[in-house]
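Let me begin by presenting the structure, written as structure tokens, before commenting on it.
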Amino acid sequence: MRAAEMFERGCTQPEVARAVGVCLESVRRWRRVWEQEGTAALRRRPPGGWPPKLDDAQVAEVRQALEQGAQAHGFEADLWTLERVGVVVERVTGMTLARASVWRLLTGRLGWSLQRPRRQAVERDECEIARWVAHEWPHIKRGR
């Protein structure tokens with residue numbers, strides 16, 4: 001909208017590009033639209049494309065199912081992968097989603113982020129490690 005105001009004042013395209021902080025090609029495109037359709041045509045529009053497959057109620061059901069954990073849905077480890085989430089989505093809603101759609105569901109609509117589990121031995125004993133570092137390691141380091 002700031003660009004439209006500058007067009008109306010007679011500013012040049014390079015001036016508009018510098019003031020708004022965009023490339024000259026974008027300003028040229030905006031100018032064409034502004035000249036043909038007016039200022040209203042430059043207003044933001046909602047994103048186009050197909051509507052999402054899952055409605056808000058289905059997304060809420062999927063969230064509830066995922067919050068139960070992967071093991072509650074019969075998976076061996078309590079770790080979510082795109083494939084596992086896709087299986088749960090299909091069980092809960094009856095809709096099959098592609099991996100990319102599952103990713104958009106998790107990150108966009110559910111607000112989840114990518115998390116990688118820490119690789120750590122199950123047998124790890126923090127108390128024993130602390131004892132070893134405090135008592136054994138100094139003897140080894142000194143060379144006895």
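- Rounding to the nearest 0.5 Å places CG of Leu106 at 10.0 Å from CZ of Arg63.
- Within a 6.0 Å sphere centred on CG of Asp56, heavy atoms belonging to other residues, nucleotides or ligands number 12 at most.
- Listed here is the closest heavy atom pair of Asp78 and Ala70: OD1-N, 2.6 Å.
- Taken from CZ in Arg84 to CG in Leu79, the straight-line distance is 5.5 Å, to the nearest 0.5 Å.
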Check your understanding: Are Leu105 and Val89 close enough, and set up right, to give a side chain to side chain contact (heavy atoms under 4.5 Å, CB included), and what steps lead you there?
Key -> CA-CA 10 Å; Leu105 170 70; Val89 168; 3.8 Å; yes

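- Between Glu5 and Arg2 there is no salt bridge, since no side-chain N of the basic residue sits under 4.0 Å from a carboxylate O of the acidic one.
- Taking Trp34 as the reference, Phe7 meet the ring-ring contact (aromatic ring centres under 6.0 Å, His included) condition, with sequence neighbours excluded.
- When all heavy atoms of Gly86 and Val102 are compared, the closest pair comes out as CA-CG2, 4.0 Å.
- Between the CZ atom of Arg18 and the CE atom of Met6 there is a distance of 9.0 Å, given to the nearest 0.5 Å.
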Exercise for review: Applying side chain to side chain contact (heavy atoms under 4.5 Å, CB included), run through Arg109 and Arg104 and close with a yes or a no.
Suggested key: CA-CA 7 Å; Arg109 296 189 71 191; Arg104 281 191 299 273; over 6 Å; no

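- Once rounded to the nearest 0.5 Å, the distance linking CH2 of Trp112 with CD of Gln115 reads 10.0 Å.
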Check your understanding: Should Trp132 and Ile140 be marked as a side chain to side chain contact (heavy atoms under 4.5 Å, CB included) after you check the CA-CA gap, both sets of side-chain angles, and the distance that decides it?
Key -> CA-CA 11 Å; Trp132 186 88; Ile140 294 170; 3.8 Å; yes

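- A chain of hydrophobic side-chain contacts below 4.5 Å, direct or via other Ile, Leu, Val, Met, Phe, Trp or Tyr residues, connects Met95 to Val62.
- Side-chain contact between Val20 and Val27: absent, with no pair of heavy atoms (C-beta onward) separated by less than 4.5 Å.
- Among all heavy-atom pairs drawn from Arg91 and His73, the shortest one is NH1-O, 2.8 Å.
- Going from atom CD of Glu25 over to atom CD of Gln13 covers 9.0 Å, rounded to the nearest 0.5 Å.
- Ring geometry for Phe75 versus Trp80: interplanar angle over 60°, hence perpendicular rather than tilted (30 to 60°).
- With hydrogens and angles disregarded, a donor-acceptor distance shorter than 3.5 Å links the side chain of Gln71 to the backbone of Glu76.
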Practice item. Verify side chain to side chain contact (heavy atoms under 4.5 Å, CB included) between Glu8 and Thr39, making sure each step is shown before the conclusion. Key: CA-CA 10 Å; Glu8 290 171 0; Thr39 303; 3.4 Å; yes

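- Considering all non-hydrogen atoms of both residues, Ala65 and Val88 come closest at CB-CG1, 3.9 Å.
- Annotation: side chain of Gln64 is not in contact with side chain of Glu61 (no heavy-atom distance under 4.5 Å).
- Looking only at side-chain heavy atoms (C-beta outward), Leu97 and Trp103 stay at 4.5 Å or farther from each other.
- A salt bridge between Arg31 and Glu35 is present, with a side-chain N of the basic residue lying under 4.0 Å from a carboxylate O of the acidic one.
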